[in-house]
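We're numbering straight along the sequence, starting at 1.
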Amino acid sequence: TLTNFPSGIASFGIPVLGGGGIPPTTGSVFFVHSGTGLAGNNGTSPETPLATIDQAINKCTASKGDVIVVMPGHAENISAATSLVPDIAGIQIVGLGRGRNRPVLTFTNTAGKIAITGANTRISNLVFISSVSAVVTGISVEADDVEIDHCYIGFDATGDDFAIMVLVSAKDRLSFHDNHCVAENTAGCNAGLQFVDALDTQIFSNIFEGDLARLGLENANK
């Protein structure tokens, strides 16, 4: 079999292709859900999910095509730079659901950050929300060949904001597409996506709106 399910992932009635769907893989698949998940679960089925995305990352093997499926309704707080660290190369973290039924990651501290240090990582169909003023950096791309797609990056209430939503520095071949980035109108945001010394960056089909003090896209080299 191509997956760790005898009848394939499609037996769950979940599409295997398209934005927000589970991609086909020869690697392992791990499920995450805050409502029913436990750290002691194996995470290999929707009935035995893990509680956090980081718990699932720790079960992945580098460069084997492992996929983390984050189930609809999942909620998680990002309070530090260590809350969620995609540090395993070649994994995909894919959220299921539409709108705010998608997995929601809420930044509850200005030091909260998701540092992507694993090369060839993909993050898809997740919601990132600032619930405090001036989160320094929401997502920090610290590896090559990262893809971020079909995500929503926004704020909780008036005065909540990211100083920089996504930062990529000296890392190459980022693909950032089909995302919706919304800055708060009072507190504002310095930049939606800031890149410096980043080669072969692909940025397309995104929406940037709200009070962006500098730019939705900012080339810090200039």
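The shortest non-hydrogen separation linking Asn125 to Gly97 is ND2-O, 3.1 Å. When all heavy atoms of Ile91 and Cys60 are compared, the pair lying nearest together is CG2-CB, 3.9 Å. The nearest pair of heavy atoms linking Pro23 to Arg122 is CG-NH1, 4.3 Å. Nearest heavy-atom pair across Leu84 and Glu76 is CD1-OE2, 4.2 Å. Minimum heavy-atom separation, Gly192 to Cys189: N-SG, 4.4 Å. Heavy atoms only, all atoms of each residue included: Leu199 and Asp172 are closest at N-OD1, 2.9 Å.
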Criterion side chain to side chain contact (heavy atoms under 4.5 Å, CB included) on Asp87 and Ile57, from CA distance to verdict = CA-CA 8 Å; Asp87 56 356; Ile57 291 172; 3.5 Å; yes
Derivation of the side chain to side chain contact (heavy atoms under 4.5 Å, CB included) call for Phe176 and Cys151 | CA-CA 10 Å; Phe176 188 82; Cys151 293; over 6 Å; no
Which is it for Phe128 and Ile139 under the side chain to side chain contact (heavy atoms under 4.5 Å, CB included) test, yes or no, and what are the steps along the way?
-> CA-CA 9 Å; Phe128 304 91; Ile139 301 171; 3.9 Å; yes
Can you check side chain to side chain contact (heavy atoms under 4.5 Å, CB included) on Leu38 and Leu50, steps first, answer last?
-> CA-CA 5 Å; Leu38 297 172; Leu50 294 156; over 6 Å; no
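If you chain together ILVMFWY residues whose side-chain heavy atoms come under 4.5 Å of each other, Phe155 ends up grouped with Val104, Val127, Ile129, Tyr152, Val182.
Side-chain atoms of His180 do not come within 3.5 Å of backbone N or O of Phe208 as any donor-acceptor pair. A distance-only check finds no donor-acceptor pair linking the side chain of Glu147 to the backbone of Ile123 [under 3.5 Å]. In this structure, the side chain of Thr25 engages the main chain of Gly65 through a donor-acceptor pair within 3.5 Å. The main-chain N or O of Asp54 is found under 3.5 Å from a side-chain atom of Asn58 such that the two form a donor-acceptor pair. The backbone N or O of Ala111 sits less than 3.5 Å from a side-chain atom of Asn109, completing a donor-acceptor pair. Asp66 places a side-chain N or O within 3.5 Å of a backbone atom of Thr61 that can act as its donor or acceptor partner. Proximity of a side-chain donor or acceptor of Thr137 to a complementary backbone N or O of Ser140 within less than 3.5 Å is not detected. Thr110 contributes no side-chain N or O that, together with a main-chain N or O of Ala134, makes up a donor-acceptor pair within less than 3.5 Å. Under a 3.5 Å cut-off, the side chain of His33 and the backbone N or O of Met71 do not form any donor-acceptor pair. Between the side chain of Gln194 and the backbone N or O of Leu167 there is no donor-acceptor pair closer than 3.5 Å.
Here Lys59 contributes atom NZ and Asn41 contributes atom CG; the two are 9.0 Å apart, rounded to the nearest 0.5 Å. With rounding to the nearest 0.5 angstrom, the OG atom of Ser83 is 5.0 Å from the CD1 atom of Ile78. Here the straight-line distance linking atom OG of Ser130 with atom CG of Asp156 works out to 8.0 Å at 0.5 Å rounding. Separation of atoms CD1 (Ile116) and CG (Leu174) is listed at 8.5 Å; rounding is to 0.5 Å. Taking NZ from Lys113 and CD1 from Ile164, the interatomic distance works out to 10.5 Å, rounded to the nearest 0.5 Å.
The same ILVMFWY cluster, assembled from side-chain heavy atoms under 4.5 Å apart, contains both Ile203 and Val166. Val85 and Phe30 fall into different hydrophobic clusters, where Ile, Leu, Val, Met, Phe, Trp and Tyr side chains are chained together by heavy-atom contacts under 4.5 Å.
At a threshold of 4.0 Å, the pair Asp144-Lys171 does not count as salt-bridged, since none of the basic side-chain nitrogens sits closer than that to a carboxylate oxygen.
In this structure Phe107 satisfies the ring-ring contact (aromatic ring centres under 6.0 Å, His included) test together with Phe162, sequence neighbours excluded.
A side-chain N or O of Asn206 and one of Asn179 form a donor-acceptor pair less than 3.5 Å apart. A donor atom on one side chain and an acceptor atom on the other are not found under 3.5 Å apart for Asn77 and Ser79. Side chains of Thr48 and Ser45: a donor-acceptor N/O pair is present below 3.5 angstrom, by distance only.
Under the 30°/60° scheme for interplanar angles, the aromatic rings of His150 and His177 are found to stand perpendicular.
The only member of Ser124, Ser175, Ser205 that meets side-chain hydrogen bond (donor to acceptor under 3.5 Å, both in side chains) when paired with Asp149 is Ser124.
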